[in-house]
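Here is the structure we will look at, set down as structure tokens.
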Amino acid sequence: MNVFSLIAAVIVGEDVAEPIDLSFFEKIWKTIVTWFIDERGWLSIVNALLVILVGLIVIKIILTILRKIINRGKLKGIAGNFIVTLFKIILLFIYFIAILRVLGIDTSSFIALLTVGTLAISLAIQSVISNFASGIILVTNHPFKESDFVEVAGVSGTVEKITLFSTKIKTTDNKVISVPNSSVASANIINYSTEENRRVDMTFGVAYGTDIDKAKTVMTSELDNHPLVLHDEGYTVRLNEQADSALIFVCRCWTKNADYWTVYFDLTESMTKRFEKEGIEIPYNKLDVNVISQQASAQVEKPKTAKQKKADTKKADAKKADAKKSK
């Protein structure tokens with residue numbers, strides 16, 4: 001009894017001495033042996049294993065080299081990770097197709113089916129594809145990098161990460177907002193962290209009648225005294241506008257990007273205190289109320305009503321009529 005007889009006997013629970021028709025199993029075994037030995041099936045298996053092993057090694061080497069190139073270039077951080085992930089997906093797809101071809105599977109129909117499926121899926125998820133394409137544009141143009149403070153698509157905050165489909169931004173109140181890449185790529189991007197220095201623009205109003213030169217001297221003095229203001233960069237203190245109730249001065253100076261808000265708030269506070277100390281009036285909206293005495297109000301003629309005007313007209317007409325009759 002051969003090995004198929006023993007297997008079949010165990011499966012059906014019969015005595016191994018009884019004859020069993022094993023032509024089906026023998027045909028399968030013969031087919032496997034013929035493919036494995038005569039048709040060199042073992043060689044296809046070895047080739048497939050080699051492709052699997054070598055493919056994994058090649059993919060790892062390519063991704064390692066790509067990471068080194070990115071780290072040496074300008075696409076570090078989130079942009080670099082995005083590119084590596086994209087290349088990894090492409091390489092794995094090529095790797096899968098190569099394994100199928102080595103095993104003798106016709107991949108032409110598979111690729112055609114994949115193309116049709118991709119087209120159908122792309123029509124259904126246009127917004128997702130748009131976000132993906134926009135993500136590629138963002139990482140190649142790199143308008144901002146990780147830890148940059150930006151304002152984009154109505155959101156301002158620090159860039160945390162660029163994923164395949166969205167950009168994560170942490171706001172100043174510690175909220176993480178995921179903005180679709182398509183919205184980021186199509187909107188105006190304001191990057192406050194690109195340059196090392198940033199200009200602080202402020203305006204201050206003083207009352208009409210204030211000595212203009214004195215006001216400029218006071219503001220310039222406050223700029224000179226602040227340690228975080230970049231004095232070598234120069235600053236501007238000029239009368240900018242004659243408003244309805246105030247003289248508006250523009251005050252501009254430079255500081256380090258990280259010190260922007262410190263300088264802004266410090267100068268706002270110190271200027272207010274210094275104006276008060278120097279006797280410079282800061283204008284505000286006023287309401288003048290004039291009180292009229294009862295005697296004066298009684299002398300003021302009240303406007304006549306419609307009935308009174310009508311009665312006066314009748315009296316005047318009656319007087320005219322009487323004058324005509326007397327003649």
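Since the model is a prediction, treat every value here as computed from it, not as a measurement. Scope of the values below: all heavy atoms of this structure, side chains included, with no hydrogens, waters or symmetry mates.
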Indicate yes or no for a side-chain donor-acceptor contact from [X] to the backbone of [Y] under 3.5 Å, with no hydrogens or angles considered.
| X | Y | value |
| --- | --- | --- |
| His226 | Ser270 | no |
| Thr210 | Val206 | no |
| Ser166 | Ile162 | no |
| Ser221 | Thr217 | no |
| Tyr95 | Ile52 | yes |
| Ser193 | Phe149 | yes |
| Asp148 | Val150 | no |

### Task
Before giving the answer on side chain to side chain donor-acceptor pair (under 3.5 Å), spell out for Thr194 and Asn191 the whole-Å C-alpha distance, their side-chain angles and the decisive distance to 0.1 Å.
CA-CA 6 Å; Thr194 302; Asn191 191 337; 3.2 Å; yes
If the condition is side chain to side chain donor-acceptor pair (under 3.5 Å), which residues does [X] pass it with, not counting sequence neighbours?
| X | result |
| --- | --- |
| Asp259 | none |
| Lys175 | none |
| Ser156 | none |

### Message
If you apply the rule side-chain contact (heavy atoms from CB on, under 4.5 Å), what do you find for Phe144 with Thr167, and how did you get there?
### Response
CA-CA 11 Å; Phe144 48 76; Thr167 299; 4.2 Å; yes
How many angstroms lie between [atom1] in [X] and [atom2] in [Y], if you round to the nearest 0.5 Å?
| X | Y | atom1 | atom2 | value |
| --- | --- | --- | --- | --- |
| Glu233 | Arg199 | CD | CZ | 12.0 Å |
| Trp261 | Thr172 | CH2 | OG1 | 9.0 Å |
| Ile280 | Thr272 | CD1 | OG1 | 11.5 Å |
| Leu91 | Lys60 | CG | NZ | 14.5 Å |
| Ile62 | Ile57 | CD1 | CD1 | 12.0 Å |
| Thr236 | Met219 | OG1 | CE | 12.0 Å |

### Task
May I have the step-by-step check of side-chain contact (heavy atoms from CB on, under 4.5 Å) for Glu146 and Lys161, ending in yes or no?
CA-CA 7 Å; Glu146 188 177 5; Lys161 187 178 181 181; over 6 Å; no
ILVMFWY network linking [X] to [Y], side-chain heavy atoms under 4.5 angstrom:
| X | Y | result |
| --- | --- | --- |
| Ile282 | Phe265 | yes |
| Ile137 | Val184 | no |
| Tyr264 | Ile190 | no |
| Val237 | Val200 | yes |
| Ile59 | Phe87 | yes |

### Task
Test Leu138 against Asn181 for side-chain contact (heavy atoms from CB on, under 4.5 Å), laying out the working first.
CA-CA 8 Å; Leu138 290 176; Asn181 286 335; 3.8 Å; yes
### Task
Check Ile169, Val179, Asn188 against Val152 for a side-chain contact (heavy atoms from CB on, under 4.5 Å) and give me the one that passes.
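It is Ile169, the one option of Ile169, Val179, Asn188 that forms the side-chain contact (heavy atoms from CB on, under 4.5 Å) with Val152.
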### Message
Under the criterion side-chain contact (heavy atoms from CB on, under 4.5 Å), I'd like the reasoning laid out for Ile89 against Phe93: C-alpha separation, chi angles, the key distance, then a yes or no.
### Response
CA-CA 6 Å; Ile89 294 174; Phe93 176 76; 5.8 Å; no
### Query
Taking the hydrophobic residues Ile, Leu, Val, Met, Phe, Trp and Tyr, and joining any pair whose side-chain heavy atoms are under 4.5 Å apart, which ones share a cluster with Val176?
none
Let me check something: any side-chain donor-acceptor pairs from residues 240-256 under 3.5 Å, sequence neighbours excluded? List them with distances.
residue	atom	partner	partner atom	Å
Thr255	OG1	Leu228	O	2.9
Lys256	NZ	Glu196	OE2	2.8

Crowding at [atom1], [X] (>12 non-hydrogen neighbours, <6.0 Å):
| X | atom1 | answer |
| --- | --- | --- |
| Glu276 | CD | no |
| Asp173 | CG | yes |
| Tyr260 | OH | yes |

#### Entry: Nearest heavy-atom neighbours spanning Ala187 and Ala153
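For Ala187 versus Ala153, the nearest heavy atoms are CB-N, 4.0 Å.
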### Query
What are the two closest heavy atoms between Leu223 and His231, and how far apart are they?
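So the two residues come closest at O-CE1, 3.0 Å.
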### Message
Applying salt bridge (charged side-chain N to carboxylate O under 4.0 Å, His left out), can you list everything that pairs with Lys277, at least two apart in sequence or on another chain?
### Response
none
### Query
With under 30° as parallel and over 60° as perpendicular, where do the rings of Phe275 and Phe204 fit, or are they tilted in between?
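Aromatic pair Phe275/Phe204 classed perpendicular.
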